[in-house]
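Report on one structure; see the data block that follows.
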Amino acid sequence: MKDSGPSSRRQLLRMSAAVGGGLLARPDRPRAAEDMPSELGAPLGPYGDRSPFEKAVRWRRDTKTPQTGSSFTPLEDSVGTLTPSSLHYERHHSGIPTIDPSRHRLLIHGMVERPLSLSMADIRRLPSVSRIFVLECGGNSGSEWAAKTAPDVQRSHGLASCSEWNGVPLSLVLTEARIRSGAAWVIAEGADACRMERSIPLPKAMDDILLAYGQNGEALRPAQGYPLRLIIPGWEGNANVKWLHSLKLADQPYMARDETAKYTDLMPDGKARLFSYQMEAKSVITFPSGGQTLSSPGLYELTGLAWSGHGRIERVEITTDGGRNWAKALLQEPRLPIAFTRFRLPWRFDGREAVIASRATDESGYVQPTRDALIAVRGTNSAYHYNGIKLWKVHADGTVTNVEV
Amino acid sequence: MVKPSAMVLLAAAALAAQSAKYGVGRPPTEDEIRGLGLAIAPDGTGLPEGSGTAVAGREVFAALCSRCHGDKGEGGIGPPLVGGQGTLATAKPLKTVGSFWPYATTVWDYVNRAMPFDQPGLLKPPQVYAVVAYILNLNGIIGSDQVIDAKSLPKVKMPNRDGFVPDPRPDVGNKTRAKR
């Protein structure tokens with residue numbers, strides 16, 4: 001945990017003072033049955049909070065304007081495969097709008113026979129589906145292009161989160177609006193202050209995109225696009241337009257700022273890759289990872305997360321000797337396509353320095369590359385879509401750091 | 001009074017509703033569609049009436065843009081809008097409107113929808129045309145008195161117009177494909 005003893009001790013003291021009226025002079029002392037009767041717990045509540053002892057929070061890089069920027073999921077504290085909505089990563093361009101769903105409408109217009117204005121109630125009447133998908137920012141792990149890599153997994157990989165999304169297949173709504181022949185793109189626009197805009201190829205829109213209004217069993221959080229957003233399985237987060245209020249069918253991509261000036265990958269020859277939506281296979285060890293400490297030599301469970309925009313994770317291998325030998329990790333079932341897959345491997349830390357890493361292979365046969373292999377092709381200025389193998393160094397004293405190259 | 005255009009829409013909707021599978025929603029009003037008419041295509045589709053020049057744009061820029069982007073677009077709180085031409089293939093590329101953005105229509109679209117940062121949507125079309133003309137002029141792409149409007153803007157040839165390629169991935173990981 002990042003929080004050290006003193007603050008959690010203070011927390012304990014505060015709590016015991018509140019509930020015990022100071023009777024517990026030493027709150028960490030086991031209570032003997034003869035000392036006192038049991039204290040009643042807190043009453044029931046309408047909307048739950050986590051334990052006050054749990055401290056994991058998103059990390060946010062300072063920006064000149066607080067309405068823009070990104071906040072990172074604390075993957076090192078995650079267990080299982082789902083990300084709590086409260087810890088889902090954020091990326092906003094002009095703040096989080098407050099939208100009354102009773103006034104929100106989605107317009108489907110442009111090259112359709114039957115332009116539609118749908119209320120949220122209309123959308124919720126349509127046949128719905130629930131799917132678990134990872135969402136990853138196109139800029140996730142952008143830190144890793146630099147020689148000075150990120151010091152912990154939150155900052156290196158925390159722009160990825162996994163949720164159950166609930167909504168309506170976009171194909172259903174587009175079919176309802178009757179697409180005109182010649183339409184090839186869907187121009188999606190959000191209702192945030194900057195009206196974030198992206199162009200989506202029609203074949204993908206008719207394939208597996210969701211108009212999502214639910215996340216992890218409740219309505220989307222405002223930071224995740226309440227009341228309606230696109231969920232585009234396997235594609236960079238930016239294209240998954242939040243606060244969605246317009247879908248315009250068009251015969252051409254609109255070359256929005258966020259698909260030309262941004263989210264394009266600059267290659268060493270000065271050319272930039274356009275419409276590079278796809279996220280490729282990736283994995284990272286979350287324990288032990290940078291900033292954590294192994295308290296003593298002995299047996300530990302290495303664990304981490306793997307995912308691919310191309311489908312299921314087929315295999316994850318782990319090295320504990322800097323890449324010389326690789327062992328197959330155990331994969332948590334069910335392995336869902338385009339979702340976090342938890343992997344595990346028992347490991348005995350013998351008190352000697354060890355460089356550890358994971359390597360994912362997805363069902364297409366694609367193998368997660370090394371950082372060197374990525375840079376050999378793409379250089380270090382492409383900014384987006386980094387999916388290289390992430391190394392952690394476990395030092396002899398049990399501390400864990402990133403590996404700078 | 002119901003306007004004729006609205007009546008036509010309603011009549012069309014009545015016909016269309018019969019053929020829809022689920023029949024939810026209603027036809028959008030003209031106001032609703034107009035309110036979402038922000039999207040500008042690279043061929044100029046969507047550009048409104050109006051025009052502007054860099055000379056006019058300098059005033060708008062000084063009043064609303066320079067506090068973040070600098071007097072001459074050199075950058076500040078906001079990113080630089082000028083410079084960087086010739087740097088894309090170097091170790092320190094500088095991506096600006098002048099060096100990187102492939103379409104002038106994108107500048108119009110983005111200024112119109114997202115700027116100024118704290119008051120997006122403030123600018124009227126003639127002001128957007130003028131500011132875009134000024135930014136293009138700062139980059140040496142157009143002259144200071146060249147009139148930018150719905151016709152001329154899509155014809156502006158941006159320096160990096162041909163600087164983009166399709167996504168070739170998988171370009172790396174497949175080369176180390178493991179035995180299955």
Side-chain angles (χ1 to χ4, degrees), chain A residues 64-65 93-94 105 107 109 113-119 122-123 125-126 172 175-176 178 187 189 193-195 197 245-246 248 250 252 254-257 260-261 264-278 280-281 315 361 365-369 373-374 377-378 381 385 387, chain B residues 12-13 16-17 19-29 32-33 36 38-43 45-46 77-78 88-93 95 97 100-103 105-107 109-110 113-115 117-118 120-121 160 163-178 180:
Chain A
K64 293 164 188 164
T65 45
H93 298 77
S94 58
R105 301 193 77 89
L107 257 66
H109 58 123
E113 296 294 342
R114 209 174 152 266
L116 275 177
S117 172
L118 299 170
S119 67
D122 292 333
I123 292 168
R125 272 177 60 188
L126 294 169
L172 188 156
T175 302
E176 191 79 353
R178 304 234 311 271
I187 317 303
E189 185 183 283
C194 68
R195 302 288 193 265
E197 176 193 34
H245 72 172
S246 171
K248 181 176 184 174
Q252 58 190 315
Y254 270 36
M255 300 296 178
R257 177 258 199 179
T260 52
T264 50
D265 313 66
L266 184 62
M267 294 294 117
D269 65 358
K271 301 286 187 192
R273 295 174 178 179
L274 189 65
F275 299 127
S276 47
Y277 306 99
Q278 187 74 41
E280 298 184 292
R315 180 187 312 114
T361 303
Y366 173 94
V367 180
Q368 182 183 5
L374 278 176
V377 174
R378 303 185 199 165
N381 288 318
H385 307 110
N387 67 327
Chain B
S19 58
K21 186 170 175 188
Y22 297 98
V24 298
R26 57 162 171 77
T29 65
E32 281 175 328
I33 292 181
L36 294 174
L38 295 178
I40 308 301
D43 67 3
T45 299
I77 297 172
L88 295 182
T90 68
K92 286 199 185 297
K95 294 191 273 189
V97 169
F100 195 62
W101 292 39
Y103 296 96
T105 48
T106 306
V107 190
D109 178 282
Y110 188 67
R113 74 173 57 243
M115 290 291 126
F117 175 78
D118 55 357
N160 196 42
F164 291 82
V165 295
D167 178 11
R169 294 177 300 159
D171 56 343
V172 180
N174 61 325
K175 291 178 181 170
T176 57
R177 187 174 295 227
R180 303 209 62 182

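- If you check the side chains of B:Asp109 and B:Thr106, you find no donor sitting under 3.5 Å from an acceptor.
- When each of A:Leu374, A:Thr175, A:Asp265 is scored by its heavy-atom pairs under 4.5 Å with chain B, the top score falls to A:Leu374.
- Both the backbone and the side chain of A:Ala261 come within contact range of chain B, each with at least one heavy atom under 4.5 Å from a heavy atom of that chain.
- Every ring pair (Phe, Tyr, Trp, His ring centres under 6.0 Å) that B:Phe164 has, sequence neighbours left out, goes to B:Phe100.
- Top candidate by heavy-atom pairs under 4.5 Å with chain A, chosen from B:Ala41, B:Pro120, B:Pro168, B:Pro93, is B:Ala41.
- A:Lys248 contributes atom NZ, which lies 11.5 Å from atom CG of A:Leu107 (distance to the nearest 0.5 angstrom).
- Judged by distance alone, with hydrogens and angles left aside, the side-chain atoms of A:Asn381 form no donor-acceptor pair with the main-chain N or O of B:Lys92 at under 3.5 Å.
- Electrostatic pairing of B:Arg169 and B:Asp167 counts as a salt bridge here, judged by a charged N lying under 4.0 Å from a carboxylate O.
- Note: A:Glu197 leads A:Glu197, A:Glu189, A:Lys64 in heavy-atom pairs under 4.5 Å with chain B.
- Chain B forms the most heavy-atom pairs under 4.5 Å with one residue out of A:Leu116, A:Asn387, A:Ile187, A:Leu118, and that residue is A:Leu116.
- Proximity to chain B is limited to the backbone of A:His93, based on heavy atoms less than 4.5 angstrom apart.
- For A:Arg125, the part sitting under 4.5 Å from any heavy atom of chain B is the side chain, from C-beta outward, and nothing else.
- Both the backbone and the side chain of A:Leu274 come within contact range of chain B, judged by heavy atoms closer than 4.5 Å.
- Ranked by heavy-atom pairs under 4.5 Å with chain B, the first of A:Glu280, A:Lys271, A:Arg257 is A:Arg257.
- In this structure, chain B has no heavy atom under 4.5 Å from any part of A:Ile123.
- Under the 3.5 Å distance criterion, with hydrogens and angles disregarded, a donor-acceptor pair is assigned to the side chains of B:Asp43 and A:Gln252.
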Could you walk me through whether A:Arg114 and A:Glu176 pass the side-chain contact (heavy atoms from CB on, under 4.5 Å) check?
CA-CA 8 Å; A:Arg114 209 174 152 266; A:Glu176 191 79 353; 3.7 Å; yes

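- There is no contact between B:Thr105 and chain A, counting heavy-atom distances below 4.5 Å.
- A distance-only check finds a donor-acceptor pair linking the side chain of A:His385 to the backbone of A:Ser276 [under 3.5 Å].
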Verdict with reasoning, B:Arg113 to B:Ile40, per side-chain contact (heavy atoms from CB on, under 4.5 Å)
CA-CA 10 Å; B:Arg113 74 173 57 243; B:Ile40 308 301; over 6 Å; no

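- The contact between A:Thr260 and chain B is made by backbone and side chain atoms together, counting heavy-atom distances below 4.5 Å.
- For B:Tyr110, the part lying under 4.5 angstrom from a heavy atom of chain A is the side chain only.
- Proximity to chain A (any heavy atom under 4.5 Å) is shown, for B:Ile77, by both the backbone and the side chain.
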